[in-house]
Each structure stands twice: as C-alpha cells, then as structure tokens.
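Start at 1 with the first residue, then count along the sequence. Keep in mind that what you see is a predicted model, and the values were worked out from it rather than measured.
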Amino acid sequence: MEKGTEKGNGVGGGAAASRSPMALMGSSRYENEEANTGMRTTETMLRLVPMALCIAALVVMLKNSQSNEFGSVSYSDLGAFRYLVHANGICAGYSLLSAIIAAMPRPSTMPRAWTLFLLDQILTYIILAAGAVSTEVLYLTNKGDAAVTWSAACGTFASFCHKATTSVIITFVVVACYVVLSLISSYRLFSKYDAPVN
C-alpha cells in the first residue's frame with residue numbers, strides 16, 4: 001500500500017510539475033510571440049500591396065497621352081489626373097514607410113498606434129478623393145456636359161480614356177486596401193488603449 005501511495009504521489013507530482021505556472025507562462029509567451037510575428041508579417045504584406053498598386057496606377061497615368069489629327073491630350077492637361085498622380089505617389093511612399101515600421105519587432109506603444117491610425121485615415125481619404133474626382137472627369141470625357149460646353153472626348157481619344165480608366169480602377173483597389181488597413185489600425189488602437197477624453 002505504501003509503495004502504491006508513493007508511486008501515485010510521484011506521478012501526481014510529475015504532472016503537477018509539468019503544469020507549473022512558470023511552464024505555462026513560458027508556453028503562452030512563446031505562443032504570443034508566434035502570433036505577433038504572424039500578425040506583423042501579414043500587416044507588412046498588406047501595407048506593401050497598396051504600394052505596388054499605387055506605383056502601377058501612377059505609371060499608367062504618367063504615360064497617358066495621345067495625339068491624332070484632332071489634336072493631343074495628356075494627363076497633365078487635367079487637374080484631377082495630376083492630383084491622382086500626386087496622391088498615388090504620396091500613398092506609395094507612405095505604404096513603404098509604414099510597411100518598414102510594421103515589420104520592426106518592437107512592442108506597440110500608444111503614440112505609435114495613434115500615429116499609424118491617424119495616418120491610415122488621412123491617406124484613405126486622400127486616395128479616395130483622388131479616385132472620386134478622376135471618376136467625375138472620366139464621366140465628363142465619356143458623356144460630356146452641354147451646360148458647361150464640355151464635349152465628349154473619348155470618341156476621339158479612346159486610348160487616353162482607356163488608360164485613365166485603368167488608372168482610376170487601380171486607385172479604387174488601393175482605396176479598398178486602405179480601408180482594410182484603417183480597420184486593422186483602429187482595432188489595434190482601440191482594443192488596447194482607451195479613447196482620449198477631455
């Protein structure tokens with residue numbers, strides 16, 4: 001009986017030792033580090049995707065010009081398309097910078113979380129505005145507007161309109177990416193820190 005009791009205590013003691021608080025803390029810390037690494041990699045990739053798309057939209061628009069017997073037209077002739085180019089350039093630069101910051105294995109702090117949240121929001125609205133005004137100009141070049149004597153030009157400059165449409169579509173894909181990034185940064189901020197109060 002005594003041997004059985006001692007054996008039982010030995011087995012129970014070993015199981016208790018394997019489930020000690022220190023061992024559990026070590027395993028949970030390892031799991032948290034793995035989860036943080038996975039989240040960091042995912043966010044870095046999500047921030048690099050809009051950079052590539054912004055560069056694509058920018059290059060398509062920069063090369064957008066057409067000449068024929070009726071005249072010539074270039075993206076630089078229209079303020080909305082110039083704004084689209086500048087907005088895509090700014091967003092590409094910010095995407096690269098924020099991807100580098102997201103890839104750094106540093107603990108998240110409140111100033112860093114707030115900065116990423118605010119910049120993600122601002123860039124989302126900048127690129128959305130660029131897509132919106134360019135869409136309006138595309139509509140006018142396709143349909144025209146007799147009230148302001150704006151004639152439809154896409155029948156004459158079809159290639160120009162196709163390239164501009166491609167650039168605008170890519171820009172709206174960038175908008176969707178930035179909406180997702182804004183949701184991620186807002187979740188990270190407000191799930192960890194309280195909103196500022198007066």
Side-chain angles (χ1 to χ4, degrees), residues 36-67 72-142 153-154 157-190 192:
N36 287 339
T37 303
M39 281 293 291
R40 202 164 50 241
T41 304
T42 303
E43 185 179 357
T44 302
M45 294 307 296
L46 281 172
R47 290 185 179 278
L48 288 174
V49 168
M51 182 196 74
L53 292 170
C54 283
I55 291 172
L58 185 149
V59 168
V60 169
M61 190 61 84
L62 279 176
K63 292 185 173 181
N64 193 14
S65 61
Q66 184 180 359
S67 298
S72 62
V73 65
S74 172
Y75 85 94
S76 58
D77 297 331
L78 298 162
F81 292 164
R82 289 198 305 272
Y83 174 58
L84 185 80
V85 167
H86 293 142
N88 275 300
I90 291 168
C91 286
Y94 170 71
S95 293
L96 178 60
L97 182 62
S98 65
I100 292 169
I101 292 169
M104 290 180 181
R106 291 190 301 174
S108 180
T109 60
M110 189 165 69
R112 180 181 170 186
W114 269 106
T115 302
L116 278 176
F117 168 73
L118 290 173
L119 288 174
D120 284 348
Q121 298 293 317
I122 290 167
L123 270 293
T124 300
Y125 288 114
I126 286 174
I127 200 70
L128 176 61
V133 296
S134 298
T135 300
E136 182 183 9
V137 170
L138 274 175
Y139 176 82
L140 290 172
T141 55
N142 275 287
C154 283
F157 300 101
S159 176
F160 175 82
C161 290
H162 290 319
K163 286 183 180 177
T165 303
T166 301
S167 183
V168 170
I169 289 170
I170 295 171
T171 300
F172 275 111
V173 177
V174 173
V175 171
C177 291
Y178 268 99
V179 168
V180 173
L181 288 172
S182 296
L183 290 173
I184 291 171
S185 59
S186 61
Y187 172 77
R188 177 175 290 117
L189 174 64
F190 294 115
K192 287 186 178 179

Between Ser72 and Asp77, what is the shortest heavy-atom contact and its length? O-OD2, 4.4 Å
Go through it in stages, so that I can follow the logic: the residues are Ile127 and Phe172, the test is side-chain contact (heavy atoms from CB on, under 4.5 Å), and I'd like the CA-CA distance, side-chain angles, deciding distance and then a yes or no. CA-CA 8 Å; Ile127 200 70; Phe172 275 111; over 6 Å; no
Is there a disulfide between Cys91 and Cys54 in this structure (defined here as SG atoms under 2.5 Å apart)? no
Is there a side-chain contact between Ser185 and Leu119, using heavy atoms and a 4.5 Å cut-off? no
What distance separates Leu48 CG from Leu96 CG, expressed to the nearest 0.5 Å? 7.0 Å
Going through the distances and angles, do Leu78 and Arg82 end up as a side-chain contact (heavy atoms from CB on, under 4.5 Å)? CA-CA 7 Å; Leu78 298 162; Arg82 289 198 305 272; 5.9 Å; no
Are Tyr83 and Ile126 close enough, and set up right, to give a side-chain contact (heavy atoms from CB on, under 4.5 Å), and what steps lead you there? CA-CA 10 Å; Tyr83 174 58; Ile126 286 174; 3.8 Å; yes
Which value, rounded to the nearest 0.5 Å, describes the distance between Ser95 atom OG and Ile55 atom CD1? 9.0 Å
Locate the shortest heavy-atom distance separating Thr44 from Ala102; write the atom from each residue and the value. OG1-C, 3.8 Å
Side chain Ser167, main chain Ala164, donor-acceptor under 3.5 Å: no
Backbone of Leu138 reached by a side-chain donor or acceptor of Thr141 within 3.5 Å: yes
Would you say the rings of Phe117 and Phe190 are close, in the sense that their centroids are separated by under 6.0 Å? yes
Close side-chain approach of Arg47 to Ile100, heavy-atom, < 4.5 Å: no
To the nearest 0.5 angstrom, please state how far the CD1 atom of Ile184 sits from the CG atom of Leu189. 13.5 Å
Distance from Leu84 atom CG to Asn64 atom CG, nearest 0.5 Å? 10.5 Å
Locate the shortest heavy-atom distance separating Gln121 from Ser182; write the atom from each residue and the value. NE2-CB, 3.4 Å
Go through the steps for Phe81 and Ser134 under the test side-chain contact (heavy atoms from CB on, under 4.5 Å), then give the verdict. CA-CA 6 Å; Phe81 292 164; Ser134 298; 3.8 Å; yes
Mind checking what makes ring pair (Phe, Tyr, Trp, His ring centres under 6.0 Å) contact with Phe157, not counting sequence neighbours? none
Asn88 side-chain N/O to Val85 backbone N/O, donor-acceptor pair under 3.5 Å: no
Please round to the nearest 0.5 Å and tell me the distance separating atom CZ of Arg112 and atom CE of Met104. 8.0 Å
Any idea which heavy atoms bring Phe160 and Gln66 closest together, and the distance? N-OE1, 3.0 Å
Mind checking the CG-CG spacing from Leu123 to Leu118? Nearest 0.5 Å is all I need. 11.5 Å
